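Indexing begins at 1, ligand by ligand and atom by atom, following the structure's order. Small disclaimer: the values here were computed from a predicted structure and weren't measured.
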Amino acid sequence: MINGINSREMILEILLEIEEGEHSHVAIRNALSKYQFLPKQDRAFITRVCEGTLEYRIQIDYIINSFSKVTVDKMKPAIREILRSAVYQLKYMDSVPDSAVCNEAVKLAQRKGFYNLKPFVNGVLRTIAREMDQVRFPQKEDDLLKYLSVKYSMPEVLVTRWLEAYGEETTEKILADFLMEHPLTIRCRTYLNSKEEVIKSLESQGVHVAPAPYLPYAYSISEFNHILALDAFIKGKIVVQDVSSMLVAEVADPKKGDYVIDVCAAPGGKSLHMGDKMEGYGTVDARDVSQYKVNLIEENIQRTNSINVQARVQDATIFDQDSELLADVVIADVPCSGYGVIGKKPEIKYRVTPQKQDEIVILQRTILDRAANYVKPRGELIFSTCTIAKEENEENMMWFLNNYPFKLESLDPYLPEELHSETTALGYLQLLPGVHKTDGFFIAKFRRK
Ligand SMILES: C[S@@+](CC[C@H](N)C(=O)[O-])C[C@H]1O[C@@H](n2cnc3c(N)ncnc32)[C@H](O)[C@@H]1O
């Protein structure tokens, strides 16, 4: 307990908020920003327990259901989250003694008004603490699907999809990678700043900086408290961006003076990168569906002083006649299922429905249809998603090629050699977590005939 704030109570509130539909990073950020005085250690503890409980939820539920007469889905939400977060600590956090985990959970149940459930919480947790090693997890030889689902805490519906699409070995690599911790990656804005100077600035603030894979201006950073406090960030010398996302501007390869339309631009990562590649010349017209989203782009334009990027509200599903055949480059980084970033946003895996999947493909095709109209003759359209779902990627790509006057163009001249493959020579790239050293991501490059 610090200044009346109990970290386990905060964890419970955050997990309940995520259960109700909030994004995990938003729920955690909002809770922590309310209590700015919390020491670094407590912030790290709250973040780890929330993220870990979410990441391992299926496995944790399996453990609880192995010992509790009441199954997890029948429990009251608060009791369920108290148990889940306690089991996460018991299994994955050696730094907290088991007895403390159990005592704190029981106290929290009481504080939340569940006085009569104290013995239940106490009984289940102490049994789990004692008998954790005896849990009979599904075995690979008996039931591959259940084994992968419980071991890597991934809903069976997703495991099934990936087994079909990518086979057993690759699926297991993807699943394992989602549970690994990855440092944050940044793009150093080398057209305005020297890399050495930026690294020096970061290191002078205690940040650990290491080269990130594939691109010479990409770095991994760790051991810092908050990105907003880093001088290089405040001064717009770096942009937070996954390397997969940086590859979009590489592949687009815009020329100084180009007119670029980014139809789904918020918060602006790829738009700013395109602007930098054009070294302040030309125009990047960064659009998104709402004022709220456009404000996010604006903030980034201002922070980085990106003079050739402008933001505005424009629904990408509505044809903008004024843009017809005008753009040298159109970026369609469309909304998607987000399966490629489950490692960063674990709640995505629990919110999958077949209906959502169908709707997202329709939305993507509608956006691609409008975006195609903005590309000038012999101009280019870059289509990208942060997912690994074939219907959103390869199938949409084929649909587009079959219906529009565009052809694919090789990505190889723009990619590092280690990413070259049969498909990149044709004009598209599917990055898979655990196989490639990035998020899951898809890029295709089309040129108007
Ligand atoms: C994958 S994100 C874009 C990320 C962005 N390109 C970047 O690099 O920072 C997809 C974006 O599509 C936007 N979006 C969703 N529906 C849209 C629509 N109908 N029109 C325009 N943008 C839309 C979302 O608001 C979201 O910002």
Presence of salt bridge, [Y] and [X], under 4.0 angstrom:
X    : Y    : answer
E197 : K200 : no
K344 : D439 : yes
R312 : D285 : yes
K277 : D253 : no

Nearest to [atom], what protein heavy atom do you find, and at what distance?
atom                    : answer
atom 17 (C) of ligand 1 : V289 CB, 3.7 Å
atom 6 (N) of ligand 1  : D333 OD2, 2.7 Å
atom 12 (O) of ligand 1 : C264 CB, 3.3 Å
atom 15 (C) of ligand 1 : P335 CG, 3.5 Å
atom 26 (C) of ligand 1 : D288 OD2, 3.6 Å

Contact partition for [X] relative to ligand 1, non-hydrogen atoms under 4.0 Å:
X    : answer
T385 : neither
Q314 : backbone
A265 : backbone
K270 : both

Query raised in the report: Has P267 got any heavy atom lying under 4.0 angstrom from an atom of ligand 1?
Result: yes
Query raised in the report: Mind checking whether L296 has a heavy atom under 4.0 Å from ligand 1?
Result: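 In this structure, L296 fails to qualify as a contact of ligand 1 - no heavy atom is under 4.0 Å.
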**Report entry** Options G269, A266, C336, ranked by nearest heavy atom to atom 5 (C) of ligand 1, top entry
**Finding:** A266
Using side-chain heavy atoms (C-beta onward) and a distance below 4.5 Å, is [X] in contact with [Y]?
X    : Y    : result
L148 : E172 : yes
L158 : I342 : yes
M10  : D42  : no
Y152 : D177 : no

Report task. Quick one: sort the F446 and F400 rings into parallel, tilted or perpendicular, breaks at 30° and 60°. Result ->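 Rings of F446 and F400: tilted, as their planes differ by 30° to 60°.
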Query raised in the report: Going by the angle between their ring planes, with limits at 30° and 60°, are F178 and W162 parallel, tilted or perpendicular?
Result: tilted
**Report entry** Distance-only N or O hit between ligand 1 and V334, under 3.5 Å
**Finding:** no
Show the atoms of ligand 1 that are less than 4.0 angstrom away from any heavy atom in [X].
X    : result
V263 : 21 (C), 22 (N)
A316 : 18 (C), 19 (N), 20 (N), 21 (C)
D315 : 18 (C), 19 (N), 20 (N)
T317 : 19 (N)

Query raised in the report: Does the side chain of Y88 pick up a donor-acceptor pair with the side chain of R48 at under 3.5 Å?
Result: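 Checked: Y88/R48 side chains pair up, N/O donor to acceptor below 3.5 Å.
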